[in-house]
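Encoded as structure tokens, the structure appears first; notes follow it.
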Amino acid sequence: MKYIEVKTSNKAYKIYIKNNIAESFCDYIKENIGKDCMIIIITNEKVHGIYGKKIKDIIGKEYETKEIILNDGEKYKNIDTLKYIYSQLLDFNVHRNDAILPLGGGVIGDTAGFAAATFGRGMKLVHCPTTVISQIDSSIGGKTAVNFERVKNIIGCFYQPDLILTDPEFLKTLDEKEIINGLGEIVKYGLVFDFQIVNDILSFIENAENDKDRLFDIVNDTRFNEIIYKCARIKAEIVERDEYDLNERNLLNFGHTIGHSIEKTLGFNKINHGQAVAIGILCAIEISINLGYLSKKFMKKILDVYDILKLPKCILKSDADAIMDSLKFDKKFSVGKNKFILLKDLNKPVIYDDLDENIIRNSINKHISHV
Ligand SMILES: NC(=O)c1ccc[n+]([C@@H]2O[C@H](COP(=O)([O-])OP(=O)(O)OC[C@H]3O[C@@H](n4cnc5c(N)ncnc54)[C@H](O)[C@@H]3O)[C@@H](O)[C@H]2O)c1
């Protein structure tokens, strides 16, 4: 079966992408991490409500299985949740040989991944991503983290998984907001690495009759597996070349510098990651126009794509100064300098250090709506 192999400095692991792979989870776990271990499924109440029983029954047939069910939402990606996971792991008397299986989106993957990295100095980790973002991005590459006070992902570490089991069937229960969330990240891959990915997605809905359902048509289309595969492969190749995010991996942060600041300023509950990144991408394009790299025509073309994919183009009634302030807490702002990923042209990204603050502020202002 088609899989992607990720080779990092201390681990090589496989990403399997296949509809209904969930039914055969045990076979893949046995082959890739062994049979003599307990599996601790970490999920949230929402995902548990839809898939909890099914996945526990499947894995429970061959493995001793426990569950840890967390509250749902970015605001629970924090140290208190970690403490809860650690105390559950103690109660279950787990050992380093046992495996954590995060079943959920990026919030679950990042939090449970960090728990796996730190409990007993490192347990086995089998990601089972259930959102677009987690299938194309967050489950791959070993970044694990929780938020602390105002700062996103500030407490974390690199910890590669042992296996990633990606079942596109999970995407069928996402609501429209979460599909949009994922499409924002796909547009990022398209702009930075391969615009054919965006063209492919647009072609799935070219003849869509029902406007209301067009985003569901995208993730329900079997061709969407190829999009997941392409994005996952891009990410895997970059991780192999720059595991610790010292250089090329920074390119994946296109749109994220301002995106993260928007998330922090508005509050993690008001806007989701993908929406914030979608606006961050427009700001990065705006800055690239300002520096003479891109044309306004380019922006128009991207805004048209945003309309088709229902991506947000501006944030409501916000304050550019507040967003600028929170930029200073961003990890991508190193030693007082900002680091931006811009585009010199389509699929020609560039890492830009120390941009003029006014250029950044103007780009944000253009994407704040005051009505
Ligand atoms: N580690 C990395 O490299 C990396 C990369 C990108 C993003 N992230 C992180 O990922 C997080 C965002 O991830 P996300 O967009 O997956 O958000 P999320 O994990 O909050 O999931 C979004 C929503 O979808 C629900 N959900 C999940 N799967 C579902 C399903 N199959 N059906 C129905 N509902 C489902 C969740 O319960 C939640 O309400 C952020 O915290 C971000 O910082 C990490």
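Quick note: numbers below take in every heavy atom, side chains included, and nothing from hydrogens, waters or symmetry partners. Counting starts at 1 for both ligands and their atoms, in listed order.
- Evaluated by nearest non-hydrogen atom to atom 39 (O) of ligand 1, the leading choice among Asp72, Ile140, Asp175 is Asp72.
- Contacts between Val47 and ligand 1 below 4.0 angstrom, taking non-hydrogen atoms only, involve the side chain exclusively.
- Ligand-side atoms of ligand 1 in range of Lys152: 40 (C), 41 (O), 42 (C), 43 (O), range being under 4.0 angstrom from any heavy atom.
- Less than 4.0 angstrom separates some heavy atom of Tyr51 from each of these atoms of ligand 1: 31 (N).
- Annotation for ligand 1: atoms under 4.0 Å from non-hydrogen atoms of Lys77 are 9 (C), 40 (C), 41 (O), 42 (C), 43 (O).
- With a 6.0 Å radius and a threshold of 12 heavy atoms from other residues, nucleotides or ligands, Arg241 has its CZ atom above the threshold.
- Scanning the protein heavy atoms around atom 25 (C) of ligand 1, the nearest turns out to be Lys46 CD, 4.2 Å.
- Within 6.0 Å of atom NZ in Lys310, more than 12 heavy atoms from other residues, nucleotides or ligands are found, so the atom counts as buried in its surroundings.
- With a 4.0 Å heavy-atom cut-off, ligand 1 is reached by the side chain of Ile133 but not by its N, CA, C or O.
- Closest to atom 33 (C) of ligand 1, if we only count protein heavy atoms, is Thr173 O, 3.2 Å.
- Under 4.0 angstrom from ligand 1, the non-hydrogen atoms of Lys235 all belong to its side chain.
- Any N or O atom pair closer than 3.5 Å counts here, and Glu185 shares no such pair with ligand 1.
- Of the protein's non-hydrogen atoms, Val107 CG2, 3.9 Å is the one closest to atom 18 (P) of ligand 1.
- Applying the 4.0 Å criterion to heavy atoms of Ile50 picks out, from ligand 1, the atoms 32 (N), 33 (C).
- Atom CD1 of residue Ile218 and atom CG of residue Leu309 lie 5.5 Å apart, to the nearest 0.5 angstrom.
- Among all non-hydrogen protein atoms, the one lying nearest atom 44 (C) of ligand 1 is Asp110 OD2, 3.2 Å.
- When the options Pro129, Gly274, Gly104, Ser138 are ranked by their closest heavy atom to atom 8 (N) of ligand 1, first place goes to Ser138.
- Heavy-atom contacts of Asn44 reach the following atoms of ligand 1: 36 (C), 37 (O) (cutoff under 4.0 Å).
- In this structure, Lys53 places its NZ atom where only 12 or fewer heavy-atom neighbours from other residues, nucleotides or ligands lie under 6.0 Å away.
- The ligand atoms of ligand 1 that sit less than 4.0 angstrom from a heavy atom of Thr130 are 27 (C), 28 (N), 29 (C), 30 (C), 31 (N).
- For Lys11 and Tyr159, the positive end sits near the middle of the six-membered ring, less than 6.0 Å away and at most 45° from its axis.
- Lys46 and Asp175 are joined by a salt bridge, as a carboxylate oxygen and a charged side-chain nitrogen come within less than 4.0 angstrom of each other.
- Near Glu74, meaning under 4.0 Å from any of its heavy atoms, are these atoms of ligand 1: 40 (C), 41 (O).
- Here Lys61 does not pair with Asp57 in a salt bridge; the nearest charged N to carboxylate O distance is not below 4.0 Å.
- Taking a cut-off of under 4.0 Å to the non-hydrogen atoms of Glu178, the atoms of ligand 1 that pass are 22 (C), 23 (C), 24 (O).
- Tested against Lys143 for a side-chain hydrogen bond (donor to acceptor under 3.5 Å, both in side chains), the candidates Asn153, Asp245, Asp137, Asp110 yield a single pass: Asp245.
- In terms of protein heavy-atom proximity, atom 6 (C) of ligand 1 is nearest to Asp137 OD2, 3.7 Å.
- When only interatomic distances are considered, the shortest N/O to N/O separation between Ser134 and ligand 1 does not fall below 3.5 Å.
- The protein heavy-atom contact nearest to atom 14 (P) of ligand 1 is Gly106 N, 3.5 Å.
- Residues Val239 and Arg249 meet the side-chain proximity criterion, which asks for heavy atoms closer than 4.5 Å.
- In summary, of the residues considered (Asn19, Leu103, Val132), a side-chain contact (heavy atoms from CB on, under 4.5 Å) with Phe170 occurs for Leu103 alone.
- Distance CD1/Ile39 to NZ/Lys56: 13.0 Å, rounded to 0.5 Å.
- Here atom 15 (O) of ligand 1 lies nearest to Asn181 when heavy atoms of Leu252, Asp245, Thr131, Asn181 are compared.
- Residue Lys344 places its NZ atom among 12 or fewer non-hydrogen atoms of other residues, nucleotides or ligands, all under 6.0 Å distant.
- Side-chain contact between Asp200 and Arg223: absent, with no pair of heavy atoms (C-beta onward) separated by less than 4.5 Å.
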